[in-house]
Amino acid sequence: MSAVVQSINPAAEEELTDGFHLIIDALKLNGLNTIYGVPGIPITDFGRMAQAEGIRVLSFRHEQAAGYAASIAGFLTKKPGVCLTVSAPGFLNGLTALAHATTNCFPMILISGSSEREIVDLQQGDYEEMDQLAIAKPLCKAAFRVLHAQDIGIGLARAIRAAVSGRPGGVYLDLPAKLFGQVMNADAGKKSLVKVIDAAPAQIPAPDAVKRALDVLKSAKKPLIILGKGAAYAQADEAIKNFVEKSGVPFLPMSMGKGLLPDTHPQCAGAARSTVLKDSDVVMLIGARLNWLLSHGKGKTWGDAPKKFIQIDIEPREMDSNVEIVAPVVGDIGSCVTAMLNAMGNNWQAPAADWTKAVQTKRDDNVAKMAPKLMNNNSPMDYHGALGVLRTIIKERPDAILVNEGANTLDLARGIIDMYKPRKRIDVGTWGIMGIGMGYCIAAAVETGKPVLAVEGDSAFGFSGMEVETICRYNLPVCVVVFNNDGIYRGTDVNPTGGADVAPTVFVKGARYDKMMEAFGGVGVNATSPDELKRAVNAAMDSGKPTLINAVLDPAAGSESGRIGNLNPQSALKKKK
Ligand SMILES: Cc1ncc(C[n+]2csc(CCOP(=O)(O)OP(=O)(O)O)c2C)c(N)n1
Ligand SMILES: [Mg+2]
């Protein structure tokens, strides 16, 4: 009887869709065409189907690297980078990257499969049981779970809008295994999808705020502009350049703000950092926060002279976070900077020459002092010899993307390698996190199509080193230079007990990281002098072949914690003699 009913029921002919396809269609509808992840239950088939439907699905060796890739894809494109993981352990591996994205204000969506809700909630011991939504919540901007196929469109729309609107950040999207297989009418499914319109609407600053800020800037005798990575993210490059140049104010780029204007620009105060922080009287922050990286806007770094701060940021709560902001300008960076530029009029007075000349002189002195160090051809290399070579290579190839992590390797490369274009330098970010390296390389190559040069401490590289296989598998134009000084900060520490274990900061001596790349068909080079390093990097950048150069550094080169040794706690207890 039921068979007969079904055969005459037009519903039996209806076209159906399922959770798998609705998620894929929702991603594509919103222009999210790349997924970074690691397969496994319950998302293996989803990855296959996504690939079949034209999404680029990049499989990693560890979710954390995939997550970092997604986070920097978000920074580079202003669209949320998507990371896809399995439940509990895969989710947790991806979670560090989600928290990193949130901290750094990069839009990213972590999509994790999850186990059966009924079993998880009764804690009955399901396969990879974990209440992932609850765990993700404090580490991201927003977290959502979709239980029904008809809600997939809305769920993804909420995730996208949360990731990119206002201050961008990480969003978690929990997709229980059962959702993927749920079936519904295809037409109704199609109608349930949402194309997010104006996901990150412009936020126009109040005219009063703009006027107030310009009045403060005008009153300055020794003004300074600080460009943060928020300014780089905004992709308002022309407006920022025009504003800075019209103002005539010296500017200091934060690490990932480098290249918005070239580091060689006459107004760049990068090499006079300590002078401008101490001596300035009005400081205008553009997409930069007064966190630890700027010594919270107070203390020795900032000198004794009174200071006034102007701040442009999309997040109103950023104002007065550490010190009083006398002129807050709240809005998106592009709108704010454009409004400032328009309100400046045609008679804007550049700051007095005694200030701008003093900054330039300090900067030129520091650059000149450094120059001879960068030209040494010592073997084994020191940081300056090796970085002098890489500095020239980036100068000759300003479109290349520079990935950088480590301690000395990071701090010295940041200071030495000039950047010429926006969003070309990507690094450890707000947390000073190790492990972003290979994930960043992969996403940078995939999202921009440009060659990538990674400058990696040997310790830093180890956090994501297995992803060199991923780089080879996708044949990406990535050249990794490992600054091999046999350890963390230095390779010279000794175990004070005289026991067999080496000191906690020391690695295997004479390690050959280049062999790792060769193991997967890439090019490996062992470079012992700046000349060799230069040849090898240029060859890699010309060929576009995955390359890893083991740069042999003097194990004694480098200092504790690079430039931030002062952050190591010291015991208040004086050692008794
Ligand atoms: C996830 C994470 N774990 C640990 C650290 C602590 N840490 C800071 S720098 C660093 C490695 C520094 O050594 P290396 O990368 O070899 O750079 P070098 O100073 O030797 O050039 C470590 C482990 C960190 N920043 N992030
Ligand atoms: Mg090292």
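Atoms within each ligand, like the ligands themselves, are counted from 1 in listed order.
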Test side chain to side chain contact (heavy atoms under 4.5 Å, CB included) on Glu456 and Tyr513; report intermediate values, then the result.
CA-CA 11 Å; Glu456 300 271 313; Tyr513 292 97; over 6 Å; no

Short N or O contacts of ligand 1 with protein, under 3.5 Å, listed by atom name?
| from | atom 1 | to | atom 2 | distance (Å) |
| --- | --- | --- | --- | --- |
| ligand 1 | 15 (O) | Ala460 | N | 2.9 |
| ligand 1 | 16 (O) | Asp458 | N | 3.2 |
| ligand 1 | 16 (O) | Asp458 | OD1 | 2.5 |
| ligand 1 | 16 (O) | Ser459 | N | 3.0 |
| ligand 1 | 16 (O) | Gly487 | O | 3.0 |
| ligand 1 | 17 (O) | Ala407 | N | 3.2 |
| ligand 1 | 19 (O) | Asn408 | N | 2.8 |
| ligand 1 | 19 (O) | Asn408 | ND2 | 2.9 |
| ligand 1 | 20 (O) | Asn485 | OD1 | 3.2 |
| ligand 1 | 20 (O) | Asn485 | ND2 | 3.0 |
| ligand 1 | 20 (O) | Gly487 | O | 3.1 |
| ligand 1 | 20 (O) | Tyr489 | N | 3.1 |
| ligand 1 | 21 (O) | Tyr383 | OH | 2.6 |
| ligand 1 | 21 (O) | Thr409 | N | 3.1 |
| ligand 1 | 21 (O) | Thr409 | OG1 | 2.5 |
| ligand 1 | 25 (N) | Gly432 | O | 2.8 |
| ligand 1 | 26 (N) | Met434 | N | 3.2 |

Check the Mg ion (ligand 2) and write out every protein N, O or S atom at under 2.8 Å, as residue and atom.
Asp458 OD1, Asn485 OD1, Gly487 O

Less than 4.5 Å apart, side chain to side chain, heavy atoms only: is that true for [X] and [Y]?
{"X": "Lys258", "Y": "Lys424", "answer": "no"}
{"X": "Glu532", "Y": "Val525", "answer": "no"}
{"X": "Pro546", "Y": "Val478", "answer": "no"}
{"X": "Tyr233", "Y": "Lys229", "answer": "no"}
{"X": "Arg167", "Y": "Asp313", "answer": "yes"}
{"X": "Phe461", "Y": "Met438", "answer": "yes"}
{"X": "Leu110", "Y": "Cys83", "answer": "yes"}
{"X": "Ile394", "Y": "Asp418", "answer": "no"}

